[in-house]
Asks: 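Take this structure first; my questions come after.
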Amino acid sequence: MKGIYLETVDSTNDYIKRNADKFSHGDYLFTYSQTNGRGRRGRNWESDSKGIALSIFVNADSFPERISLAAANAVIRALKKQIRMPFEIKWPNDILLNGKKLCGILCENAKNGYIVGIGINISQTADDFSALSLPYATSVFIESGKTVSGEKIAKKIALSLTRQLKKQKEKVFKEYSKNCATLNKRIRVIAVDEEYEATALGLSENGGLIIQTDDGKTKTVISGEVSVRGIYGY
Ligand code: BT5
């Protein structure tokens, strides 16, 4: 497991994509300065010098449906080792602290494997997020008055992810479900062409979200297609 630090990079995910043949399972790359951080479906990830951007290469033997759930578990385990706080998951891949977004995860395909990209807000203040018009964002510093070492956290997450990927699928799903704040809640489903309310019932075999719509029908939505919000906030 090799860790690389770069002073600045456009996107840690894109860097690994361009250099995939130099990365082996569990190798990771991190920076405090990402100039073109990406979220899902073309969205931006704001990562100035106050957060960390980390990407981990995972080989193709890992099961794709497990990777994104395992990544959320790995981030929570690593953060909990540094700070004792009630981290939660918002399906599919946001890590929340006190109901606000502390971390976003973007899993993508690469040549011969997958890239797990993780952005964590560390030392931003509430003013920083107001200036970025991100009312639902938070940082380790805002919630705990502390900061954590990016280098330590990157290493811990990479290690934790490789451990998660060795576990049985059921165990990964169970751990994820235990920490997932979305399950058994009323949610708002936001798709490209429609929005509606529903109740989140559980996870499908491939990590999708099983929901019950208000006409009583049960269906599965997948993370590439929709976002969800809690009815009473983020
Ligand atoms: C995500 O997308 O949350 C995945 C973010 C992944 C970022 C990492 S950093 C390392 C690696 N390299 C990359 O280029 N990307 C990955 P999504 O669920 O689509 O959420 C994006 C939305 O989160 C934006 O539209 C904003 O509303 C919000 N957002 C942007 N920056 C944020 C921040 N720093 N903190 C909290 N929310 C933010």
Side-chain angles (χ1 to χ4, degrees), residues 3-6 8-20 23 27-58 67-69 71-72 74-75 78-79 87-110 114-143 150 153-154 157-158 161 182 187-192 207 209 221-230 233-234:
I4 299 175
Y5 165 76
L6 290 179
T8 184
V9 66
D10 52 353
S11 150
T12 51
N13 270 30
D14 291 342
Y15 182 95
I16 297 192
K17 250 184 222 174
R18 292 191 295 266
N19 296 283
F23 283 78
D27 288 351
Y28 63 94
L29 165 72
F30 82 98
T31 184
Y32 294 102
S33 165
Q34 186 176 240
T35 54
N36 191 25
R38 294 184 293 101
R40 294 178 300 142
R41 292 186 280 148
R43 291 191 284 253
N44 268 350
W45 178 257
E46 298 287 350
S47 37
D48 56 14
S49 57
K50 295 180 174 178
I52 67 163
L54 160 71
S55 294
I56 305 160
F57 182 82
V58 166
I67 294 173
S68 124
L69 306 191
V75 171
L79 284 170
F87 299 98
E88 290 180 312
I89 301 166
K90 179 168 89 75
W91 182 90
N93 263 153
D94 289 349
I95 307 298
L96 308 185
L97 203 42
N98 296 325
K100 290 191 167 180
K101 182 162 173 171
L102 178 80
C103 162
I105 303 175
L106 174 69
C107 296
E108 296 183 299
N109 291 319
Y114 305 92
I115 302 166
V116 178
I118 299 163
I120 306 178
N121 300 323
I122 308 281
S123 58
Q124 291 95 333
T125 61
D127 285 348
D128 291 331
F129 289 128
S130 304
L132 292 166
S133 303
L134 290 173
Y136 290 116
T138 196
S139 70
V140 170
F141 178 72
I142 293 172
E143 300 302 330
I153 209 84
I157 293 173
L161 178 61
T182 310
I187 54 165
R188 186 156 191 85
V189 180
I190 304 160
V192 178
L209 187 67
V221 291
I222 59 169
S223 67
E225 289 171 2
V226 303
S227 295
V228 301
R229 294 259 188 281
Y234 184 68

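Starting from 1, each residue takes its place in the sequence as its number. Just so you know, these numbers come straight off a predicted model, no measurement behind them. Ligands are counted one by one from 1 in listed order, and the atoms in each one are counted from 1 as well. Scope of the values below: all heavy atoms of this structure, side chains included, with no hydrogens, waters or symmetry mates.
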Asks: How are the rings of F30 and Y5 set to each other: parallel, tilted or perpendicular (split at 30° and 60°)?
Replies: tilted

Asks: Does ligand 1 have an atom under 4.0 Å from some heavy atom of G37?
Replies: yes

Asks: Using a 4.0 Å heavy-atom threshold (strictly under), name the region of R43 that reaches ligand 1: side chain, backbone, both or neither.
Replies: side chain

Asks: Compute the shortest N/O to N/O distance between S55 and ligand 1 and return yes if it is under 3.5 Å, no if not.
Replies: no

Asks: Identify the residue among D14, T12, I52 that makes a side-chain contact (heavy atoms from CB on, under 4.5 Å) with Q34.
Replies: T12

Asks: Polar contacts were defined as any N/O atom of the residue lying under 3.5 Å from an N/O atom of the ligand; does this apply to W45 and ligand 1?
Replies: no

Asks: Quick one: which ligand 1 atoms are inside 4.0 Å of a heavy atom on N121?
Replies: 33 (C), 34 (N), 35 (N), 36 (C)

Asks: In terms of atom number and element, which parts of ligand 1 are under 4.0 angstrom from non-hydrogen atoms of R38?
Replies: 5 (C), 6 (C), 7 (C), 13 (C), 14 (O), 15 (N), 16 (C)

Asks: Closer than 4.0 Å to some heavy atom of N44 - which atoms of ligand 1 meet that?
Replies: 21 (C), 24 (C), 30 (C)

Asks: Within ligand 1, which atoms have a heavy atom of S11 less than 4.0 Å away?
Replies: 12 (N), 13 (C), 14 (O)

Asks: Checking the N or O distance criterion of under 3.5 Å, is ligand 1 in contact with Q124?
Replies: no

Asks: Only heavy atoms of L54, strictly under 4.0 Å: list the atoms of ligand 1 that pass.
Replies: 10 (C)

Asks: Heavy atoms only: which of K50, E108, E46 lies closest to atom 34 (N) of ligand 1?
Replies: E46

Asks: As an exercise, state the distance from OG1 of T138 to CG of N98, rounded to the nearest 0.5 Å.
Replies: 7.5 Å

Asks: Looking at T12, which atoms of ligand 1 are within less than 4.0 Å of one of its heavy atoms?
Replies: 10 (C), 11 (C), 12 (N)

